[in-house]
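Reading through the structure tokens given below for one structure.
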Amino acid sequence: MRDLLAAVHALRERLGEIPQADERRLQDLKTEILGRKAGALTKILGDLPKLQPADRRSVGAAANVLKRDFEAAFAARERDLARASRATVGLDPTMPGRPSWRGGLHLVTQVVAEICDIFRELGFTRAVGPEAETEWYNFGALNFPKDHPAIDVQDSFYLADGLLLRTHTSPVQVRTMEQYRPPIRVVSPGQCYRRDPFDPSHAPVFEQVEGLVVDEGVTFVDLKATLSAFARQFFGPHTATRFSPSYFPFTEPSADMQVSCSVCHGAGCPTCKQTGWMEILGSGMVHPAVLENCRIDPEHYSGFAFGMGPHRIAMVRHGIPDIRLFFEGDVRFLAQFSGEGAP
Ligand code: DAH
């Protein structure tokens, strides 16, 4: 009788194993303790008839309480496990993890950064100006005649109070010359806006990088040397440059710079329209009237300026046929240039 009572007490110790058991262990414990043939508690209950009636009652009572406790503990643990497995339905922990996407810089952002980096090495600092400008900064100070077509509301986005969205980054030239005295060497990247149709070669909003150098004795040779050095750095050491006469109200003389086609190296291809050359920027010597508008003496100082469109530059460098691709946000297009795998 003592043995059986000791066995009941010993078995009670094992209740503590149940809340930690996983599914398989729970089944094993159930069989070990309550199994119909060899369960430890089943055996104890089976041995009760061998006891004296008085002992049978007390041991039997203890064994039955223990049996109820075990049954309750098993049921509780089974409920917990079922709830946990419901919460993880569909989860296969053996599956390899999904790679998380890393973001990449937009191609145009990369090109702007690259352009500014090259000019930084040439001694240029960076300037920024507002996108909402006055007519004076956007046109007047830059020597645009009053009847210039760009000033027309048809061509520019006008805001309230005589402001407009700047149509180019050239107003930053004026703001820079007002704020700093020569020597000046700055580049200024930023967004510009024009009422242009959204077609393969135009976008109503686009990026520009402006450049300005003002000092004593700056000549057209400095312009050509600086911009050719930039072109070789950006497009490769064998890049040829050529300058052709152009017109901008704020420069005199003015010149467009072309570089030998980076796709066909001058042989002729669709990117350069079979000419072997790609036009990448406008430039010129700062017009004396512009210097005067900024209270810089044109007798004493001279300068050159340039403006380029990073969208266009990205297009000619990579042979991208349609500017609208930059605005569509299609990751299959963008990921080709972000250094990250496509999805
Ligand atoms: N502002 C001109 C444009 O929007 C680009 C430009 C041309 C800027 C010549 C300059 C320059 O600074 O000298 O087309």
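Residues take their numbers from the sequence shown, with the count starting at 1.
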Could you state whether [X] and [Y] fall into the same hydrophobic cluster, counting links through intermediate Ile, Leu, Val, Met, Phe, Trp or Tyr residues with side-chain heavy atoms under 4.5 angstrom apart?
{"X": "Leu325", "Y": "Leu334", "result": "yes"}
{"X": "Phe70", "Y": "Leu81", "result": "yes"}
{"X": "Phe220", "Y": "Leu227", "result": "yes"}
{"X": "Val290", "Y": "Trp136", "result": "yes"}
{"X": "Tyr193", "Y": "Met308", "result": "yes"}

If every non-hydrogen atom of [X] is compared with every non-hydrogen atom of [Y], which pair is closest and at what distance?
{"X": "Met285", "Y": "Val218", "result": "CE-O, 3.6 Å"}
{"X": "Leu51", "Y": "Arg56", "result": "O-NH2, 3.4 Å"}
{"X": "Thr251", "Y": "Ser283", "result": "OG1-O, 4.0 Å"}
{"X": "Ala127", "Y": "Thr176", "result": "CB-OG1, 4.0 Å"}
{"X": "Gln173", "Y": "Ala305", "result": "NE2-CB, 3.3 Å"}
{"X": "Leu34", "Y": "Lys67", "result": "CD2-CG, 4.1 Å"}

message: Between Cys192 and Thr169, is the side chain to side chain contact (heavy atoms under 4.5 Å, CB included) condition met? List the steps.
response: CA-CA 7 Å; Cys192 304; Thr169 41; 3.8 Å; yes
Do [X] and [Y] make a side-chain contact, defined as non-hydrogen atoms from C-beta onward lying under 4.5 Å apart?
{"X": "Val112", "Y": "Ile115", "result": "no"}
{"X": "Ser260", "Y": "His265", "result": "no"}
{"X": "Pro310", "Y": "Val209", "result": "yes"}
{"X": "Met315", "Y": "Met278", "result": "no"}
{"X": "Arg194", "Y": "His168", "result": "yes"}
{"X": "Arg25", "Y": "Asp28", "result": "yes"}
{"X": "Phe235", "Y": "Ile280", "result": "yes"}
{"X": "Leu26", "Y": "Ile18", "result": "yes"}

Counting only heavy atoms from other residues, nucleotides and ligands, does the tally under 6.0 Å from [atom1] of [X] exceed 12?
{"X": "Arg126", "atom1": "CZ", "value": "no"}
{"X": "Tyr180", "atom1": "OH", "value": "no"}
{"X": "Asp161", "atom1": "CG", "value": "no"}

*Please walk me through it: do Phe337 and His318 pass ring pair (Phe, Tyr, Trp, His ring centres under 6.0 Å)?*
CA-CA 10 Å; Phe337 311 106; His318 296 282; 5.1 Å; yes
SB check [X] [Y] (cutoff 4.0 Å):
{"X": "Glu78", "Y": "Lys30", "result": "yes"}
{"X": "Asp80", "Y": "Arg83", "result": "yes"}
{"X": "Glu17", "Y": "Arg77", "result": "no"}

Spatial distance of atom [atom1] ([X]) from atom [atom2] ([Y]) [nearest 0.5 Å]:
{"X": "Leu223", "Y": "Thr219", "atom1": "CG", "atom2": "OG1", "result": "8.5 Å"}
{"X": "Ile323", "Y": "Glu328", "atom1": "CD1", "atom2": "CD", "result": "11.5 Å"}
{"X": "His287", "Y": "Glu252", "atom1": "NE2", "atom2": "CD", "result": "6.0 Å"}
{"X": "Thr42", "Y": "Ile33", "atom1": "OG1", "atom2": "CD1", "result": "9.5 Å"}
{"X": "Asp117", "Y": "Leu122", "atom1": "CG", "atom2": "CG", "result": "11.0 Å"}
{"X": "Asp215", "Y": "Arg181", "atom1": "CG", "atom2": "CZ", "result": "12.5 Å"}

When you measure from the centre of the six-membered ring of Phe206, is the NZ or CZ of Arg312 closer than 6.0 Å and no more than 45° off the axis? no
*So, is the end of the Arg166 side chain (NZ or CZ) under 6.0 Å from the ring centre of Tyr137 and within 45° of the ring's axis?*
no
Strictly distance-based, threshold 3.5 Å: is any side-chain N or O of [X] a donor or acceptor partner for the main-chain N or O of [Y]?
{"X": "Ser228", "Y": "Ala225", "result": "no"}
{"X": "Glu210", "Y": "Ser170", "result": "yes"}
{"X": "Thr167", "Y": "Ser156", "result": "no"}
{"X": "Asn64", "Y": "Ala61", "result": "no"}
{"X": "Gln336", "Y": "Phe333", "result": "yes"}

Exercise for the section: Go through Leu48 and Leu45 one step at a time and tell me if the side chain to side chain contact (heavy atoms under 4.5 Å, CB included) criterion holds. Expected result: CA-CA 5 Å; Leu48 288 178; Leu45 291 166; 3.9 Å; yes
Only residue of Lys43, Arg14, Lys37 satisfying salt bridge (Lys or Arg N to Asp or Glu O under 4.0 Å) with Glu32 is Arg14
Taking the six-membered ring for Trp and the single ring otherwise, decide whether the centroids of Phe119 and Phe230 are under 6.0 Å apart. yes
With Pro182 as partner, the option from Val213, Val214, Leu291 fulfilling side-chain contact (heavy atoms from CB on, under 4.5 Å) is Val214
Residue pairs passing the side-chain hydrogen bond (donor to acceptor under 3.5 Å, both in side chains) test with at least one member in residues 291-310, sequence neighbours excluded, are Glu216-His300
Item to complete: Please state whether the rings of His106 and Phe326 are parallel, tilted or perpendicular, taking 30° and 60° as the class boundaries.
Response: tilted
>> Determine whether Lys224 and Phe243 satisfy the following criterion, side chain to side chain contact (heavy atoms under 4.5 Å, CB included), listing intermediate values before the conclusion.
In response: CA-CA 8 Å; Lys224 287 181 79 172; Phe243 293 81; 3.7 Å; yes
| task | Before giving the answer on side chain to side chain contact (heavy atoms under 4.5 Å, CB included), spell out for Val108 and Phe327 the whole-Å C-alpha distance, their side-chain angles and the decisive distance to 0.1 Å. | result | CA-CA 10 Å; Val108 174; Phe327 296 89; over 6 Å; no
